[in-house]
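What follows is a short report on a single structure.
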Amino acid sequence: MNIAIIGSGLTGSLAALSLAKAGSRVDLYERLSDDELVNRDRTYAITHSSRKILQRVGIWSKLIDNLVPFEFLHVIDFELNKKFKFLVKDLRKETRKYSSIGWIAEHKKLMKTILESISETENINRIPTSIIPNTNNYDLIVAADGINSNTKKKLKTHSYSFNYDQVCITTKVLLRGVKSNEAFEILNSDGPLAVLPLGGDLYQIICSQSIRNGLYKMELPKSLFLDYLSTILPYGVEIDSMVDVPKSYPIKFLLNYSFHSGKYIYLGETCHAFHPVAGQGLNLCWRDVESLTNLISSPLFKQSKFLIPYLYSFSRLFDILLISIITDTLVRYSRTNINLFFLPRYFVFLVLKKSNIARKVILNILTYGLQI
Ligand SMILES: Cc1cc2nc3c(=O)[nH]c(=O)nc-3n(C[C@H](O)[C@H](O)[C@H](O)COP(=O)(O)OP(=O)(O)OC[C@H]3O[C@@H](n4cnc5c(N)ncnc54)[C@H](O)[C@@H]3O)c2cc1C
């Protein structure tokens with residue numbers, strides 16, 4: 001198959017590798033230089049669904065030394081003062097041998113490794129422009145040009161979207177009182193907060209705040225910002241110092257009404273973008289890649305390529321909808337401070353603390369999604 005991919009972010013680049021390995025000839029269009037693609041200061045939580053894709057395209061072994069595994073994921077409800085933890089044994093049996101619930105990856109290392117593998121793959125042609133000269137040359141066109149996709153605008157594909165009244169603040173800190181194989185998801189009424197291990201005593205803090213509070217916090221002098229962070233960290237965890245300058249970005253919910261248009265297929269943030277709580281963003285983008293690769297590899301559709309966009313949309317529908325509902329519910333759950341809701345919150349925490357089955361169901365959805 002001849003495929004054009006627009007956008008070489010983490011979704012488009014992995015799609016190029018994956019589709020080329022499945023036998024397609026890929027033209028990968030990108031307007032940014034490799035340096036611009038690599039030099040983004042972002043940290044991702046990688047789940048086992050992503051691990052499987054990276055293994056299949058042959059780059060897992062190149063990446064593993066740069067990933068930080070975590071064996072414990074503590075979930076804390078700050079308002080109720082309740083907590084439980086997900087353990088490796090809550091995962092599916094075949095996954096437990098990896099001894100980790102997931103891995104933390106820094107953007108630079110991830111993007112660099114993927115771009116290097118692309119340059120070693122014969123049937124990927126990188127084209128440094130945003131214009132596709134002749135769309136008739138392609139059997140399929142994959143739009144992976146991000147949340148502000150021009151392709152989508154051109155094709156008049158609409159989305160349901162809104163901005164959360166929140167910004168996401170990220171910063172790297174040195175912590176004491178926490179083990180390097182532990183991650184935390186903390187639900188407090190400011191908004192959800194994640195503490196992710198980066199190796200040794202280094203941790204990434206990703207916290208969401210109302211826009212007003214967030215802007216105020218970003219203006220604080222370093223010492224006061226550190227004081228603030230120490231108030232939202234779990235009991236017993238202490239902050240030593242901050243090793244970078246905090247950054248903030250707005251948080252948007254976006255879900256396309258359609259996942260394809262003619263022979264164009266929308267992948268990654270072109271199609272969906274959700275709140276970073278629960279670390280689902282990149283994993284969901286890469287599950288799009290997995291579904292499309294499975295369809296393109298199937299001998300059933302060699303003669304009926306026109307079906308692929310429809311089947312792709314159907315195959316992704318349930319996973320994307322479920323993750324959108326889970327992430328949005330978590331944000332609302334975290335931010336509500338209406339007393340009436342405290343009883344159901346207490347009940348949810350009690351069930352998750354006491355019931356192995358409930359923990360397994362939730363963790364496996366967050367790990368594998370709902371793939372068809
Ligand atoms: C500021 C910011 C910080 C973030 N931090 C985190 C984080 O810490 N952790 C996390 O899990 N997620 C984070 N995210 C979300 C995460 O970056 C996305 O989930 C992920 O990048 C999605 O990748 P993508 O390839 O779908 O889109 P993008 O990364 O947006 O890639 C789209 C690519 O398409 C290219 N492009 C656009 N238009 C064209 C065109 N016309 N022609 C050719 N190329 C084009 C762009 O240059 C870009 O390279 C962050 C997002 C933002 C905006």
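The structure presented is a predicted model; accordingly, all values stated were derived computationally and were not measured. For the numbers below, each heavy atom of this structure counts, side chains included, while hydrogens, waters and symmetry mates do not. In listed order, ligands and their atoms are each counted from 1.
Relative orientation of the F253 and F274 rings is tilted, given thresholds of 30° and 60° on the angle between their planes. Aromatic ring pairs are classed by plane angle as parallel below 30°, tilted from 30° to 60° and perpendicular above 60°; the pair Y257 and Y160 is tilted.
For atom 10 (C) of ligand 1, the closest heavy atom belonging to the protein is Y44 CD2, 3.3 Å. Atom 27 (O) of ligand 1 has as its closest protein heavy atom G146 CA, 3.8 Å. Closest to atom 47 (O) of ligand 1, if we only count protein heavy atoms, is E30 OE2, 2.7 Å. At the shortest separation from atom 40 (C) of ligand 1 among protein heavy atoms lies S130 CB, 3.4 Å. The protein heavy atom nearest to atom 6 (C) of ligand 1 is Y249 OH, 3.5 Å.
Of all heavy-atom pairs spanning P197 and S180, the tightest one is CB-O, 3.3 Å.
Using a 4.0 Å cutoff on heavy atoms, R40 counts as a contact of ligand 1. Contact between P276 and ligand 1 is absent, with no heavy atom of the residue lying under 4.0 Å from the ligand.
Proximity of the aromatic rings of H260 and Y266 is defined here by a centroid distance below 6.0 angstrom, and this criterion is not met.
Geometric assessment of R51 against the ring of Y98 yields a positive cation-pi assignment under the 6.0 Å and 45° thresholds.
Against a heavy-atom cut-off of under 4.0 Å, I6 is close to the following atoms of ligand 1: 40 (C), 42 (N), 43 (C).
Salt-bridge check for R176 with D201: failed, with every basic side-chain N at 4.0 Å or more from each acidic carboxylate O.
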